Peer 1: 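I'd like to ask some things about the structure below.
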Amino acid sequence: MSTQLFSHINYFFPMQTSHPKTMNNITTNTNNLTAAPATTTGENFVFFRHLQLLEIFAAIFVFIAIHSLRQKRKQGLPVWPVLGMLPSLASALQSNNMYEWISNVLKTQNGTFHFKGPWFSNLNCVVTSDPRNLEYLLKTKFVNFPKGPYFRDTVRDLLGDGIFSADNETWQRQRKTASIEFHSAKFRNLTTESLRELVHQRLLTVLDDSVQKLTALDLQEVLLRLTFDNVCMIAFGVDPGCLQKGLPEIPFAKAFEDATEATIFRFVTPTCLWKLMRYLNIGTEKKLKESLEGVDEFAEDVIQTRKKELSSRCDEKKMKSDLLTVFMGLKDEKGEPFSHKFLRDICVNFILAGRDTSSVALSWFFWLLDRNPIVEQKILEEISKIVKEREVVDDDDEMVMVFKAEEIKKMDYLQAAISEALRLYPSVPVDHKEVVEDEKFPDGTELKKGTKVVYAIYAMGRAEAIWGKDCLEYKPERWLGRDGRYMSESAYKFTAFNGGPRLCLGKDFAYYQMKFVAASIIYRYHVKVVENHPVVPKLALTMYMKHGLKVHLSRRDQKITTSKVN
Ligand code: HEM
């Protein structure tokens, strides 16, 4: 287009170079025009008018471009007519690390900016990484910042009225009951027992298999299978058996995975479009419907079986202590037992909340250890010291080496190293709320009723204003006091587990699970990431590694065995 334009200019202004600079030049050239033949003059005249139009369009375009780009200084990103900030978002999506892009924009905007989506889209939102705003929305004005109807509508088919998407009384009731359960001794026993069984009878066997075969292994996939089995044991009281040699495909796990993916797809599709697709039963909506049938069938089967078990068993002591059993023993506000649908929702929500978060965090943690061998060495020293402190170490104990709960508790440096991994790579990189009444953030940002607020957890972990100049370095020491003990941080500064009344319910269990798994692996194996294996985050609700984590394992000590557990 521009070459064409320039060739015409040269035709009309034969004496002129391609860069006319003064009015004088133009006059001279116009004089030349009068000497041209009549027909050419007519054509020239028409073209001249076209040229003027083009100039007007070009001027308007330049004006809009300058205006849009000038917005960048004020709003962080150029704001284009009709499209808003969409072009910047689209180019960030191409860049492979969307979270870095959000962090950079927030840095230029002192921690909060208003994302303006295209007209008639639902992309408008306020993005923040300011701890003052986080405290305000997660705690101080908690009631004014619920999950909201948009989120609930989008996830309803998968999550129903479960804790993850519910607000108000429905949420409160589940939170209260689950919270009591999570802090009970029975539940603690269930979690430690189920984890011990999974790690010693399954995880270490799978890892040993890869050592013997000298094959690389996708550690992220193995960990995802482990936590899926584990959370199903806690929620439903059943073990789907995803983690075993050969890593088989398990229908319930596959159905759950597909249902989650199709639900996430709704967040990037205009609401009217996915609703139409659901009505017509096509595309991802068809996949969602089919996979939900798989999830519901599994849930119904477990609920029916448990009901029978409960009616035939009267010994309280032998009762299972998983969430399903606990909620089955309770009544709703009308004094009726909970419906199967509600019981299904409760379990599915817990599986979603607890299945991938710890495994993804552990994957980033092992990758960081590979790049920071001194940290790995310090963890190993801490574990070895704790093992040496055992009062009686018989040969059998030494060989099997199952860490006790009180030993896991003593691993402060390991806890610091895991927290530091979560700071840099939070399993939930961004989260959101909806404002129910006009509000004003402590940093002065005005929020209109209905505004979506996105809080950028990933960006917070990398903010110099929060963590200091060395914020991008992996330094577990920042979590330790002078006495070497682990020190927790404010939930509004370290937001990986959320904060306020909706603080992650599984936080303590997750730390126990991650420490137990990490210590059991590190004590036995050196984990080496396969050279040149690409490591980038995947764009999803949870921060998976897009290409998994391919590793080679080597045993530290041939004497230690893995499978002998009572
Ligand atoms: C590294 C591990 C984990 C991380 C980083 C994590 C993080 C989070 C975050 C950010 C939320 C808030 C989500 C939201 O409201 O949008 C949350 C909520 C929740 N998490 Fe976790 N989580 C982890 C492990 C677990 C585990 C293992 C379980 C259960 C076994 C669990 C159960 C829950 C539940 C039930 C909620 C909902 C709480 C509520 O809304 O009241 N989490 N978690």
Side-chain angles (χ1 to χ4, degrees), residues 117 121-127 137-138 141-179 235 256 258-279 284-285 287-289 291-292 295-296 299 323 327 332-333 338-357 428-437 439 447-455 457 498-506 540-542:
S121 79
N122 49 13
L123 284 176
N124 282 346
C125 57
V126 167
V127 186
L137 79 95
L138 292 175
K141 288 292 190 87
F142 170 73
V143 185
N144 245 359
F145 292 90
K147 291 265 170 138
Y150 168 73
F151 181 79
R152 208 163 19 260
D153 257 17
T154 315
V155 299
R156 189 183 301 278
D157 290 325
L158 174 64
L159 299 181
D161 293 320
I163 189 167
F164 216 65
S165 59
D167 282 318
N168 310 324
E169 298 83 47
T170 321
W171 164 77
Q172 223 160 20
R173 214 158 11 107
Q174 292 179 61
R175 171 91 194 183
K176 205 170 149 203
T177 312
S179 183
F256 201 95
D258 288 349
T260 316
E261 254 177 39
T263 303
I264 290 168
F265 189 76
R266 285 181 174 177
F267 285 101
V268 289
T269 314
T271 309
C272 53
L273 185 60
W274 70 252
K275 285 197 170 163
L276 181 68
M277 284 165 70
R278 182 173 63 178
Y279 179 73
T284 47
E285 288 299 313
K287 187 173 156 192
L288 178 61
K289 190 168 174 247
S291 46
L292 281 176
V295 172
D296 293 349
L323 281 171
F327 275 91
D332 67 13
E333 66 274 24
F338 288 121
S339 69
H340 282 201
K341 166 77 173 71
F342 190 63
L343 292 170
R344 172 258 182 228
D345 289 351
I346 289 167
C347 296
V348 165
N349 275 260
F350 270 86
I351 294 174
L352 187 82
R355 91 193 164 125
D356 291 353
T357 35
V428 181
V430 290
D431 210 335
H432 98 287
K433 299 278 182 193
E434 209 170 301
V435 193
V436 288
E437 266 172 33
E439 268 292 356
L447 304 163
K448 287 263 163 276
K449 177 182 169 176
T451 305
K452 290 190 204 97
V453 177
V454 171
Y455 46 110
I457 302 172
N498 220 32
R502 281 194 105 129
L503 175 77
C504 169
L505 246 183
L541 295 186
T542 311

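Residue numbers start at 1 and run along the sequence shown. What you see is a predicted model, and the numbers here were worked out from it, not measured in a lab.
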Peer 1: Do you know the tightest heavy-atom contact between Trp171 and Pro501?
Peer 2: CZ2-O, 3.5 Å
Peer 1: Hey, what do you get for CZ (Phe342) to CZ (Phe327), rounding to the nearest 0.5 Å?
Peer 2: 7.0 Å
Peer 1: Does Lys341, at its NZ atom, have more than 12 non-hydrogen atoms belonging to other residues, nucleotides or ligands within less than 6.0 Å?
Peer 2: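 Yes, NZ of Lys341 has more than 12 neighbouring heavy atoms, counting only those of other groups under 6.0 Å.
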Peer 1: Walk me through it: do Ser165 and Lys147 pass the test side chain to side chain contact (heavy atoms under 4.5 Å, CB included)?
Peer 2: CA-CA 7 Å; Ser165 59; Lys147 291 265 170 138; 5.9 Å; no
Peer 1: Considering only NZ, NE, NH1 and NH2 on the basic side and carboxylate oxygens on the acidic side, decide whether Asp167 and Arg502 come within less than 4.0 Å.
Peer 2: yes
Peer 1: If you take all heavy atoms of Ser179 and Leu505, which pair is closest and at what distance?
Peer 2: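 For Ser179 and Leu505, the tightest heavy-atom pair comes out as CA-CD2, 3.8 Å.
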Peer 1: Go through the structure and list residues passing side chain to side chain donor-acceptor pair (under 3.5 Å) with Arg278, not counting sequence neighbours.
Peer 2: Asp157
Peer 1: Between Ser291 and Leu288, is there a donor-acceptor pair closer than 3.5 Å when you use the side chain of the first and the backbone of the second?
Peer 2: yes
Peer 1: With a cut-off of 3.5 Å and sequence neighbours excluded, list every side-chain donor-acceptor pair involving residues 429-436.
Peer 2:
unit_1: Asp431; atom_1: OD2; unit_2: Tyr455; atom_2: OH; d: 3.4

Peer 1: Could you please spell out the steps behind the side chain to side chain contact (heavy atoms under 4.5 Å, CB included) verdict for Phe151 and Phe267?
Peer 2: CA-CA 9 Å; Phe151 181 79; Phe267 285 101; 3.7 Å; yes
Peer 1: Shortest non-hydrogen contact from Thr170 to Gln174?
Peer 2: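 It is O-NE2, 3.3 Å.
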Peer 1: Pair Arg175, Ile163 - check side chain to side chain contact (heavy atoms under 4.5 Å, CB included), show working.
Peer 2: CA-CA 7 Å; Arg175 171 91 194 183; Ile163 189 167; 4.2 Å; yes
Peer 1: Could you give the distance from NZ (Lys287) to CE (Met277), rounded to the nearest 0.5 Å?
Peer 2: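 If I round to the nearest 0.5 Å, the distance is 11.0 Å.
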Peer 1: Say you draw a straight line from CG of Asp161 to CG of Asp345; how long is it, rounded to the nearest 0.5 Å?
Peer 2: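 It is 6.0 Å, given to the nearest 0.5 Å.
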Peer 1: Check step by step if side chain to side chain contact (heavy atoms under 4.5 Å, CB included) holds for Arg355 and Thr260.
Peer 2: CA-CA 12 Å; Arg355 91 193 164 125; Thr260 316; 3.8 Å; yes
Peer 1: I'd like to check Arg266 versus Asp153 (side-chain heavy atoms, cut-off strictly below 4.5 Å). Are they in contact?
Peer 2: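 No. Closest side-chain heavy atoms not under 4.5 Å.
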Peer 1: Keeping Asn349 on the side-chain end and Leu159 on the backbone end, is there a donor-acceptor pair under 3.5 Å?
Peer 2: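 Flag set: sc Asn349 to bb Leu159 pair under 3.5 Å.
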Peer 1: To the nearest 0.5 Å, what is the distance between CG (Asn144) and NZ (Lys449)?
Peer 2: 10.5 Å
Peer 1: I need the Asp258 CG to Thr284 OG1 distance, nearest 0.5 Å.
Peer 2: 11.5 Å
Peer 1: Would a 4.5 Å heavy-atom cut-off, applied to side chains only, mark Phe256 and Val348 as touching?
Peer 2: yes
Peer 1: Output yes when a side-chain donor or acceptor of Asn124 lies under 3.5 Å from a complementary backbone atom of Thr451, and no otherwise.
Peer 2: no
Peer 1: Supply the atom-to-atom distance Ile264 CD1 to Thr542 OG1, rounded to the nearest 0.5 angstrom.
Peer 2: 6.5 Å
